Peer 1: 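Here it is, the structure, as structure tokens.
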Amino acid sequence: MKKKIFIETYGCQMNVYDSELVKTILAEKEYLLVPEESMANIVMLNTCTVRENADRKVLNRVHQIKNSRHQKETILVGILGCMATNFKTKLLEDPKLKIDFIAGPDSYKQLPQLIENAWEHGDKSFDVTLSEFETYSDITPTRKDGINAWLAIMRGCNNFCTFCVVPYTRGRERSRDPYNIVQEIKHLVSEGFSQVTLLGQNVNSYQYDGIDFTDLMRMISDIDGVKRIRYTSPHPKDFPEKLLQLMSEKPAICKQLHMPLQAGNSRVLDKMNRTYTKEEFLALIDLTRHYMPTANISTDIIVGFPTETDQEFEDTIDVIKKVEFDSAFIFKYSERPNTRAAKKFPDDVSEEVKTKRIMRLNDIQNEISLRKKNTQIGQTQTVLVEALYTKRSTDDIQTRNDANQIVILPKVDPPFDINIGDYINVKITGATRNSLKAMFISV
Ligand code: 5AD
Ligand code: SF4
């Protein structure tokens with residue numbers, strides 16, 4: 001029987017990229033990649049474990065997949081990614097789950113062997129070893145479309161923010177050879193990709209033979225044919241001014257950045273081991289706007305970290321009102337096994353208080369996001385065509401602006417020969433919470 005594989009991806013962009021690596025690793029063997037779970041006899045879930053509800057989602061999905069199949073049908077389910085390293089053999093030992101193999105983020109080259117063990121011999125096998133060296137620089141991901149290419153420049157994290165499980169699931173920081181990265185991007189350009197998004201758990205820790213992240217960005221922005229460069233995520237603690245200057249000077253680097261705040265109170269930030277204060281964060285935003293006055297800035301915030309008081313939460317509100325982020329991803333604190341916070345600080349903010357705080361913050365941020373979008377009405381912007389339809393309508397085109405916002409325009413506007421991957425000029429005519437509306441001006 002032909003081994004037919006389907007990979008379902010959860011979590012962050014790094015996982016999307018990793019699934020593309022796994023596809024290449026498996027396509028080199030005799031596997032067939034199929035487009036739907038129901039067509040596969042080997043299903044892999046590339047998982048996230050950053051919050052408890054991420055775990056729950058995957059475990060429910062495993063039950064759903066197993067229960068949807070006929071008893072006699074051979075179907076293997078594998079767990080890849082961060083849950084694999086976080087729970088290790090516990091996942092294999094759970095009789096209710098019936099998982100067949102697991103592979104952590106540094107073990108994807110072992111997957112053909114792990115699958116063989118399970119397929120040929122019925123052996124449940126796992127590899128969750130973390131590596132100090134694996135960067136998969138020898139593997140070209142099987143990328144989906146010809147617009148944006150994800151590209152990991154570094155892997156792992158050495159920061160040990162006390163709430164975060166990532167240093168335990170993805171291991172220590174290691175950076176990829178810059179010349180190898182530049183070669184890959186040149187190749188991507190030749191394949192028609194004009195946007196590249198550099199990925200890393202902490203991109204400004206990038207370091208390879210004396211080349212730092214700003215040096216790498218300069219090298220990439222000098223490549224002919226790269227029209228848009230984005231990156232995620234930097235850490236506010238070691239964000240270099242020279243990078244802001246470079247971003248302001250190079251048209252190819254998008255004026256957009258994700259700057260994770262996590263909390264607005266300095267005592268809470270210290271307890272989180274973020275190593276910056278509220279004032280230092282605000283100063284970094286001022287510096288960013290000094291170089292790029294209209295930069296689009298997004299953030300991540302956690303509410304209800306252990307011991308956070310109502311008064312301290314007000315500092316987070318103060319920061320989001322002062323900064324006016326363009327968008328924010330706001331989460332309730334979720335205790336994660338193995339983290340320093342789980343070991344040292346009881347999860348003592350009640351669910352009810354967390355809910356109140358997240359609702360309040362979302363209300364304030366939604367109002368700010370919409371107000372900031374509205375200020376763009378009347379502007380002319382260059383957008384990249386992503387799809388000739390939207391989720392809602394086949395009469396609309398979906399595009400994206402430099403700020404990484406979705407811009408929707410009606411097809412009825414001329415011309416009809418717009419293609420995916422084109423850059424066109426539009427006039428912004430309206431705004432909703434999730435997107436901007438526009439009309440076509442010129443190619
Ligand atoms: N609880 C809630 N949110 C978390 N994040 C990371 N760990 C946790 C946790 N234990 C959030 C942070 C991070 C984003 C990717 O997920 O805000 O920036
Ligand atoms: Fe987690 Fe902090 Fe590393 Fe980000 S920087 S992955 S939040 S430990």
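Please read all numbers here as calculations on a predicted model, not as lab measurements. Atoms within each ligand, like the ligands themselves, are counted from 1 in listed order.
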Peer 1: Ion pair present between Lys109 and Glu134, side-chain N to carboxylate O less than 4.0 angstrom?
Peer 2: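 Looking at Lys109 and Glu134, the cut-off is met.
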Peer 1: Could you tell me whether atom 2 (Fe) of ligand 2 has an N, O or S atom of Cys157 under 2.8 Å away?
Peer 2: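 Cys157 does not place any N, O or S atom closer than 2.8 Å to atom 2 (Fe) of ligand 2.
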Peer 1: Under 4.0 angstrom from ligand 1, any heavy atom of Glu335?
Peer 2: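 No; Glu335 lies far enough from ligand 1 that no heavy-atom distance drops under 4.0 Å.
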Peer 1: Taking only heavy atoms of Arg336 into account, list the atoms of ligand 1 that are under 4.0 Å away from them.
Peer 2: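 In order of number, 10 (N).
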Peer 1: Heavy-atom contacts with Phe163 under 4.0 Å: which atoms of ligand 2 show up? List them by number with element.
Peer 2: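 By the 4.0 Å cutoff, the relevant atoms are 7 (S).
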Peer 1: Return the residue, atom name and 0.1 Å-rounded distance of the protein heavy atom closest to atom 10 (N) of ligand 1.
Peer 2: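 Here the closest protein heavy atom is Ser334 O, 2.7 Å.
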Peer 1: Which atoms of ligand 2 are found less than 4.0 Å from any heavy atom of Pro167?
Peer 2: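 Counting atoms of ligand 2 from 1, those under 4.0 Å from Pro167 are 8 (S).
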Peer 1: With a cutoff of 4.0 Å, is Arg274 in contact with ligand 2, counting heavy atoms of the residue only?
Peer 2: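 Flag set, Arg274 near ligand 2.
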Peer 1: So Phe239 and Tyr231, would you call those rings parallel, tilted or perpendicular, with 30° and 60° as cut-offs?
Peer 2: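 Ring orientation, 0 to 90° scale: tilted.
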Peer 1: If you have a sec, work out which protein heavy atom is nearest atom 14 (C) of ligand 1 and how many Å separate them, to one decimal?
Peer 2: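 It is Asp300 OD2, 3.5 Å.
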Peer 1: In ligand 2, which numbered atoms sit nearer than 4.0 Å to a non-hydrogen atom of Asn159?
Peer 2: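 Numbered from 1, ligand 2 contributes 5 (S).
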Peer 1: Go through it in stages, so that I can follow the logic: the residues are Tyr168 and Phe160, the test is ring pair (Phe, Tyr, Trp, His ring centres under 6.0 Å), and I'd like the CA-CA distance, side-chain angles, deciding distance and then a yes or no.
Peer 2: CA-CA 9 Å; Tyr168 307 93; Phe160 292 95; 5.5 Å; yes
Peer 1: Should the proximity of Ser233 to ligand 2, defined as any heavy atom under 4.0 Å, be assigned to the side chain, the backbone, both, or neither?
Peer 2: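 Within the 4.0 Å criterion, Ser233 makes no contact with ligand 2.
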Peer 1: So which bit of Phe163 gets within less than 4.0 Å of ligand 1, heavy atoms only: side chain, backbone, both or neither?
Peer 2: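 The answer is both.
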Peer 1: Taking the basic N atoms (NZ, or NE/NH1/NH2) and the acidic carboxylate oxygens, is any pair closer than 4.0 Å for Lys88 and Asp127?
Peer 2: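 So Lys88 does not pair with Asp127 through a salt bridge.
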Peer 1: Checking a contact table here: which protein heavy atom is nearest atom 2 (Fe) of ligand 2, and how many Å away?
Peer 2: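 Going atom by atom, the protein heavy atom closest to atom 2 (Fe) of ligand 2 ends up being Cys161 SG, 2.4 Å.
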Peer 1: Here's one to test your reading of the geometry: is the NZ or CZ of Lys354 within 45 degrees of the ring axis of Tyr333 and under 6.0 Å from its centre?
Peer 2: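 Not flagged: Lys354 not positioned over aromatic ring of Tyr333.
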Peer 1: Looking at atom 1 (Fe) of ligand 2, is one of the N, O or S atoms of Cys164 less than 2.8 Å from it?
Peer 2: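 Yes, since at least one N, O or S atom of Cys164 sits under 2.8 Å from atom 1 (Fe) of ligand 2.
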Peer 1: Under 4.0 Å, heavy atoms only, figure out whether ligand 2 is touched by the backbone of Val166, its side chain, both or neither.
Peer 2: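 The side chain, only.
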Peer 1: One residue to check: Val50. Relative to ligand 1, which of side chain, backbone, both or neither has a non-hydrogen atom less than 4.0 Å away?
Peer 2: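 It is both backbone and side chain that touch ligand 1.
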Peer 1: Would you mind checking if Glu312 and Arg267 are paired as a salt bridge, meaning a charged N to carboxylate O distance below 4.0 Å?
Peer 2: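 Looking at Arg267 and Glu312, the cut-off is met.
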Peer 1: For atom 12 (C) of ligand 1, grab the closest protein heavy atom and report residue, atom and distance to one decimal in Å.
Peer 2: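 Heavy-atom neighbour on the protein nearest atom 12 (C) of ligand 1: Gln262 OE1, 3.4 Å.
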Peer 1: Please say which of Asp300, Thr232, Thr299 ends up in a side chain to side chain donor-acceptor pair (under 3.5 Å) with His258.
Peer 2: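 Exactly one candidate clears the test, Asp300.
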Peer 1: Heavy-atom contacts with Lys332 under 4.0 Å: which atoms of ligand 1 show up? List them by number with element.
Peer 2: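 Per the distance check, 1 (N), 2 (C).
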Peer 1: Salt bridge or not between Lys356 and Glu351? Use side-chain N to carboxylate O under 4.0 Å.
Peer 2: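 Salt bridge flag = no for Glu351 with Lys356.
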Peer 1: Hey, which atoms in ligand 1 end up nearer than 4.0 Å to a heavy atom of Phe331?
Peer 2: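 With Phe331 as reference, the close atoms of ligand 1 come out as 3 (N), 11 (C), 14 (C), 16 (O), 17 (O).
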Peer 1: Arg289 pairs by side chain to side chain contact (heavy atoms under 4.5 Å, CB included) with which of Ile297, Thr294, Leu284, Leu244?
Peer 2: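 Among Ile297, Thr294, Leu284, Leu244, the one that satisfies the side chain to side chain contact (heavy atoms under 4.5 Å, CB included) with Arg289 is Ile297.
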Peer 1: Cation-pi between Arg51 and Phe331: NZ/CZ under 6.0 Å from ring centre and within 45° of the ring axis?
Peer 2: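 Satisfied, under 6.0 Å and within 45°.
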Peer 1: Check whether any side-chain heavy atom of Arg230 lies under 4.5 Å from a side-chain heavy atom of Gln256, and answer yes or no.
Peer 2: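 Contact flag for Arg230/Gln256 side chains = yes.
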Peer 1: Write out the residue and atom name of the closest protein heavy atom to atom 11 (C) of ligand 1, then the distance separating them to 0.1 Å.
Peer 2: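 For this ligand atom, the closest protein heavy atom is Arg51 NH1, 3.2 Å.
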Peer 1: Looking only at protein heavy atoms, which one is nearest to atom 4 (Fe) of ligand 2, and how far off is it?
Peer 2: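 Answer for atom 4 (Fe) of ligand 2: Gln201 O, 4.2 Å.
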Peer 1: Is it true that Lys322 and Asp315 have a side-chain N and a carboxylate O under 4.0 angstrom from each other?
Peer 2: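 Looking at Lys322 and Asp315, the cut-off is not met.
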